[in-house]
Amino acid sequence: TTYLRSKRKIDRPEKARMLQHFADLLVPHVKGTALDIGCGDGSVTEIIAKNAPNARLVATDIAYKPVHQGKEGKDPSVTNIEYIVADASYLPFRDDVFDLVFALGTLHHVVALERCVNDIARVCKDELVIVEPNKFSYQSLILGSRAPFKFIWRGGMDLVERPLSPLFIKSVLKCGRYKNVDIKAHTTIPSMEFVSELLRINAKWLTSLDEKITRIINKTFLRYFCSTFILTSRAR
């Protein structure tokens with residue numbers, strides 16, 4: 001199987017904020033055709049499609065049930081999305097067919113990571129956007145086993161939620177035609193809901209603080225130790 005299973009459940013307020021945040025992140029990049037890797041029920045894809053009505057989006061996921069739910073439950077006014085069940089490591093598309101390919105919290109579930117990254121790059125004509133938990137995050141040292149994405153230093157990866165190395169993904173892309181690869185911090189504070197409950201801090205206030213900290217550390221080498229990273233790349 002290509003994907004590992006995730007046991008983490010996201011509550012509605014956190015999910016709503018996450019969906020809107022991802023949409024705000026990606027809408028400026030959407031042009032022409034775009035591919036959503038690991039779309040789930042298509043919630044993010046639908047928000048993006050509404051804000052980019054002239055673009056054509058394809059939403060893929062290896063699981064039939066979420067894709068079917070997305071297809072059946074979407075807003076009928078949204079007509080620029082096509083839902084397809086597909087394996088991210090063996091995408092059923094020709095080379096260079098999408099202007100933008102994005103994967104939001106998907107690749108850490110993939111077993112054959114290098115194969116998957118190469119296939120995503122194959123179908124992408126211009127720009128890639130990848131958002132994932134960071135293997136080098138400081139949270140693994142501070143929170144240990146309570147970290148949302150755990151790295152077991154002596155036992156290897158936690159197979160339920162494994163963080164990824166942005167430098168590894170960058171090296172895979174640079175072996176191909178993607179030379180302009182940029183890595184930035186996406187979030188600095190791990191799991192807003194977890195930290196807000198632990199420290200009894202308002203989640204909205206914590207989100208604002210995280211955005212400010214992230215903007216600051218993105219100007220330094222500390223961005224490589226963020227909680228989650230965003231990797232962007234353009235074909236040469």
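Counting from 1, the numbers follow the sequence of the chain as shown.
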Participant: Say you draw a straight line from CD1 of Ile217 to NZ of Lys184; how long is it, rounded to the nearest 0.5 Å?
Facilitator: 12.0 Å
Participant: Please report the closest heavy-atom contact between Ser89 and Ala112, naming both atoms and the distance.
Facilitator: OG-O, 3.8 Å
Participant: So, using salt bridge (Lys or Arg N to Asp or Glu O under 4.0 Å) as the criterion, who are the partners of Lys179 when residues are at least two apart?
Facilitator: none
Participant: Find the distance between CG (Asp87) and CZ (Arg115) and round it off to the nearest 0.5 Å.
Facilitator: 8.5 Å
Participant: Mind checking side-chain hydrogen bond (donor to acceptor under 3.5 Å, both in side chains) for Arg122 and listing every partner two or more places apart, or none if nothing turns up?
Facilitator: Asp95, Asp119
Participant: Please identify each residue that fulfils side-chain hydrogen bond (donor to acceptor under 3.5 Å, both in side chains) with Lys125, with sequence neighbours left out.
Facilitator: Asp99
Participant: In Å, rounded to the nearest 0.5 Å, how long is the span from CG of Asn218 to OH of Tyr224?
Facilitator: 10.0 Å
Participant: Just to verify, what does Phe98 make a ring pair (Phe, Tyr, Trp, His ring centres under 6.0 Å) with, not counting sequence neighbours?
Facilitator: Phe93
Participant: Side chains of Ile62 and His109, heavy atoms from C-beta outward: is any pair under 4.5 Å?
Facilitator: no
Participant: Kindly state each residue pair satisfying salt bridge (charged side-chain N to carboxylate O under 4.0 Å, His left out) with at least one member in residues 48-58, sequence neighbours excluded.
Facilitator: Glu46-Lys50, Lys50-Asp75, Arg56-Glu82
Participant: Heavy-atom distance under 4.5 Å between the side chains of Leu35 and Leu91, does that happen here?
Facilitator: yes
Participant: Is it the case that the side chain of Ser165 and the backbone of Lys135 share a donor-acceptor pair, with hydrogens and angles ignored and the cut-off at 3.5 Å?
Facilitator: no
Participant: Testing the basics here: between His186 and Val131, what is the closest heavy-atom pair and its distance to 0.1 Å?
Facilitator: ND1-CG1, 3.5 Å
Participant: Write down the atom of Tyr178, the atom of Ser233, and the distance for their closest heavy-atom approach.
Facilitator: CD2-OG, 3.1 Å
Participant: Is there a donor-acceptor contact under 3.5 Å from the side chain of Arg177 to the main chain of Ala121?
Facilitator: yes
Participant: Tell me, with the steps shown, if Asp36 and Ile81 meet side-chain contact (heavy atoms from CB on, under 4.5 Å).
Facilitator: CA-CA 10 Å; Asp36 184 355; Ile81 305 176; over 6 Å; no
Participant: With a 3.5 Å distance limit and no angle check, can you tell me whether Thr33 reaches the backbone of Val97 through a side-chain donor-acceptor pair?
Facilitator: yes
Participant: Nearest 0.5 Å please: distance from the OH atom of Tyr83 over to the CG atom of Asp61.
Facilitator: 11.5 Å
Participant: Would you give the length of the straight line joining atom CD1 of Ile37 to atom SG of Cys124, rounded to the nearest 0.5 angstrom?
Facilitator: 9.5 Å
Participant: Short question: side chain of Asn134, backbone of Phe229 - any donor-acceptor pair under 3.5 Å?
Facilitator: no
Participant: Which donor-acceptor pairs under 3.5 Å do side chains of residues 166-176 form with protein atoms, sequence neighbours excluded?
Facilitator:
unit_1, atom_1, unit_2, atom_2, d
Ser171, OG, Phe168, O, 2.6

Participant: Using every non-hydrogen atom in the two residues, find where Leu107 and Glu132 come nearest and quote the distance to one decimal.
Facilitator: N-OE2, 2.6 Å
Participant: Spell out, as yes or no, whether a donor-acceptor pair under 3.5 Å connects the side chain of Asp182 to the backbone of Thr232.
Facilitator: no
Participant: Determine whether Phe221 and Ile216 fall in the same hydrophobic cluster, where Ile, Leu, Val, Met, Phe, Trp and Tyr are linked whenever their side-chain heavy atoms lie under 4.5 Å apart.
Facilitator: no
Participant: Do Val129 and Ile230 have side-chain heavy atoms sitting under 4.5 Å apart?
Facilitator: yes
Participant: Does the side chain of Leu100 come within less than 4.5 Å of Val30's, by heavy atoms?
Facilitator: yes
